[in-house]
*Asks:* 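Pasting a structure below so you can have a look.
Start at 1 and go down the list; that is how both ligands and their atoms are numbered. Please read all numbers here as calculations on a predicted model, not as lab measurements. Along the sequence shown, the residues carry numbers beginning at 1.
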Amino acid sequence: MRAHLAAPSSSPYVDLDRAVWSRLSESTPLPLTDDDVARLRGLGDPIDLAEVDAVYRPLSRLLNLYVTATSGLHEATSTFLREETGNTPYVIGVAGSVAVGKSTTARVLREMLARWPETPRVELITTDGFLYPNAELARRGLMDRKGFPESYDRRALIRFLSKVKAGHAEVRAPVYDHLTYDIVPGAEAVVRKPDVLVVEGLNVLQPARPSAHDESTVAVSDFFDFSIYVDARTRNIRQWYVDRFLALRRTAFARPESYFRRYADLTDEQAVERAKSIWDAINAPNLEQNILPTRGRATLVLTKGSDHSVQRVRLRKL
Ligand SMILES: Nc1ncnc2c1ncn2[C@@H]1O[C@H](COP(=O)(O)OP(=O)(O)OP(=O)(O)O)[C@@H](O)[C@H]1O
Ligand SMILES: CC(C)(CO)[C@@H](O)C(=O)NCCC(=O)O
């Protein structure tokens, strides 16, 4: 089947609408159930089995083809170098704004990729774990810059990824808790030589930031075999952020350990105002200045409509 009949163009991308994209994997089985999708869904994300079928089934098929092709390339390198072929984890980055639904995308992908016989061991890590702890952010005057490039320990993240790629038996990462709004003291996520590692975060496609102290020009994305940018109109994402804030106020914010405990008793109107002001002061400028400019570097862009469903898929083919 010819998926697209556009005249040859110089664009490095192929742009497919939802219907064309979803027809690209008709013979691939859908391994998930309604219950699986309900378990993977993030707060406020209405993703259902039909969406997984239309959008993620083709994506998991494409990724399975890429994983197989990449492992063939590694074998070619090993043959040339007369070395044993070791297993190198295939690393997938998932980027996008706060509240766009990256974590749901990453969790669904993890689950689907793990159902392929070639990649049973799929691990997921979020770059939130590499944010500096609040005490350090406060010391650096960065408490209102959480999520901005300077709020992450980028060197630790690069060290983590290079060890995973080098095939270390166990690699450890710190853990962030949205409830306490801070790094969890002493907690670690451990990655043990997975077949695939999914790395989700706002910052995963950002370029290297050489500074006086850090001459390194390595970027996080240098460790990626594939990257996905989850995209939507900024005004829709802002609405999703506000809606989620309202939902959290009724649930998580009411818990005694919540950093946002003081927001639990706000009226609807006050909560909407508070959410909008956090969005406008922190997450919107970060999106505009640091996240959106990285979209063009992704291998694949998923564009969502106002109801969160993916309407367009853009794949880099050159
Ligand atoms: N202040 C909070 N208190 C408790 N839980 C939160 C809070 N903020 C976010 N969460 C929960 O953590 C999950 C992940 O939030 P996170 O901010 O990483 O997502 P995100 O960056 O907005 O990206 P996405 O929505 O794209 O996954 C959310 O789905 C939400 O349920
Ligand atoms: C932790 C991040 C940066 C990314 O997940 C984000 O959820 C966040 O906390 N942003 C700061 C502003 C806010 O509280 O929404």
*Asks:* Using a 4.0 Å heavy-atom threshold (strictly under), name the region of Thr126 that reaches ligand 1: side chain, backbone, both or neither.
*Replies:*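 Answer for Thr126: neither.
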*Asks:* What part of Phe260, side chain, backbone, both or neither, has a heavy atom within less than 4.0 angstrom of ligand 1?
*Replies:*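 The side chain, only.
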*Asks:* Quick check against the 3.5 Å criterion: does Arg18 have a side-chain atom that pairs as donor or acceptor with the backbone of Val310?
*Replies:* yes
*Asks:* Contact between Tyr241 and ligand 1, counting heavy atoms under 4.0 Å?
*Replies:*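 Outside the 4.0 Å threshold, so no.
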*Asks:* Measure from NZ or CZ of Arg145 to the centre of the six-membered ring of Phe148 and say whether it is under 6.0 Å with the direction within 45° of the ring axis.
*Replies:*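 Yes, Arg145 lies over the aromatic ring of Phe148.
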*Asks:* Would you say Tyr152 and ligand 2 have an N/O pair spaced under 3.5 Å apart?
*Replies:* no
*Asks:* Taking only non-hydrogen atoms of Gly96, do any sit less than 4.0 angstrom from ligand 1?
*Replies:*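 The answer is no, since Gly96 has no heavy atom less than 4.0 Å from ligand 1.
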*Asks:* Side chain, backbone, both or neither: which applies to Ala252 and ligand 1 if a contact is any heavy-atom pair less than 4.0 Å apart?
*Replies:*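 Under 4.0 Å from ligand 1, Ala252 contributes side-chain atoms alone.
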*Asks:* My understanding is that we take every heavy atom of each candidate and find the minimum distance to atom 25 (O) of ligand 1. Doing that for Arg249, Glu200, Arg244, Arg107, which one comes out nearest?
*Replies:* Arg244
*Asks:* Answer with yes or no whether Ser258 contacts ligand 1, where contact means a heavy atom under 4.0 Å from a ligand atom.
*Replies:*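 Distance cut 4.0 Å: Ser258 fails for ligand 1.
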*Asks:* Counting from 1, what ligand 2 atoms have a heavy atom of His178 closer than 4.0 Å?
*Replies:* 5 (O), 7 (O)
*Asks:* With heavy-atom distances below 4.0 Å as the criterion, list the atoms of ligand 2 near Tyr181.
*Replies:*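 Once the distances to Tyr181 are compared, the set is 9 (O), 11 (C), 12 (C), 13 (C), 14 (O).
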*Asks:* Is Tyr241 near ligand 2, meaning one of its heavy atoms is under 4.0 Å from it?
*Replies:*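 Tyr241 counts as a contact of ligand 2 under the 4.0 Å cut-off.
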*Asks:* Within ligand 1, which atoms have a heavy atom of Leu43 less than 4.0 Å away?
*Replies:*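 This gives 29 (O), 31 (O) as the contact atoms.
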*Asks:* Give yes if a backbone or side-chain nitrogen or oxygen of Tyr176 is under 3.5 Å from a nitrogen or oxygen of ligand 2, and no if not.
*Replies:*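 There is no such contact.
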*Asks:* Would you say Lys102's side chain and Val230's backbone share a donor-acceptor pair under 3.5 angstrom?
*Replies:*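 No.
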*Asks:* Ring centres of Tyr66 and Phe226 under 6.0 Å apart?
*Replies:*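 Tyr66 vs Phe226: aromatic centres under 6.0 Å.
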*Asks:* Could you tell me whether the side chain of Pro293 reaches within less than 4.5 Å of the side chain of Gln289, counting heavy atoms only?
*Replies:*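 Gln289 vs Pro293: side chains apart.
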*Asks:* Which heavy atom of the protein is the closest neighbour of atom 23 (O) of ligand 1, given with residue, atom name and distance?
*Replies:* Lys102 NZ, 2.8 Å
*Asks:* Using a 4.0 Å cutoff against the non-hydrogen atoms of Asn283, which atoms of ligand 2 qualify?
*Replies:* 10 (N), 11 (C), 12 (C), 13 (C), 15 (O)
*Asks:* Taking 4.0 angstrom as the limit and counting only heavy atoms of Ile278, give me the atoms of ligand 2 inside it, by number and element.
*Replies:*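 Near Ile278, meaning under 4.0 Å from one of its heavy atoms, ligand 2 has 12 (C), 13 (C), 14 (O), 15 (O).
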*Asks:* Just jot down the ligand 1 atoms closer than 4.0 angstrom to any heavy atom of Ser97, in number order.
*Replies:* 26 (O)
*Asks:* Specify whether Phe245 and Phe253 have parallel, tilted or perpendicular ring planes, treating 30° as the upper limit for parallel and 60° as the lower limit for perpendicular.
*Replies:*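 Phe245 and Phe253: perpendicular rings.
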*Asks:* Counting heavy atoms only, which of Gly147, Ser151, Ala99 is nearest atom 3 (C) of ligand 2?
*Replies:*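 Closest candidate by heavy-atom distance is Gly147.
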*Asks:* Answer yes or no: is there a side-chain heavy-atom contact under 4.5 Å between Arg107 and Thr104?
*Replies:*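 In contact.
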*Asks:* Nearest protein heavy-atom contact for atom 16 (P) of ligand 1: which residue, which atom, what distance?
*Replies:*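 Answer, as residue, atom name and distance: His178 CE1, 3.3 Å.
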*Asks:* Assess the pair Tyr132 and Tyr152: is the distance between their ring centroids shorter than 6.0 Å?
*Replies:* no
*Asks:* Just which atoms of ligand 2 are under 4.0 Å from any heavy atom in Asp128?
*Replies:* 1 (C), 4 (C), 5 (O)
*Asks:* For ligand 1, is there an N or O atom under 3.5 Å from any N or O atom of Phe253?
*Replies:* no
*Asks:* Where does Asp128 meet ligand 1, judged by heavy-atom distances below 4.0 Å: at the side chain, the backbone, both, or neither?
*Replies:* side chain
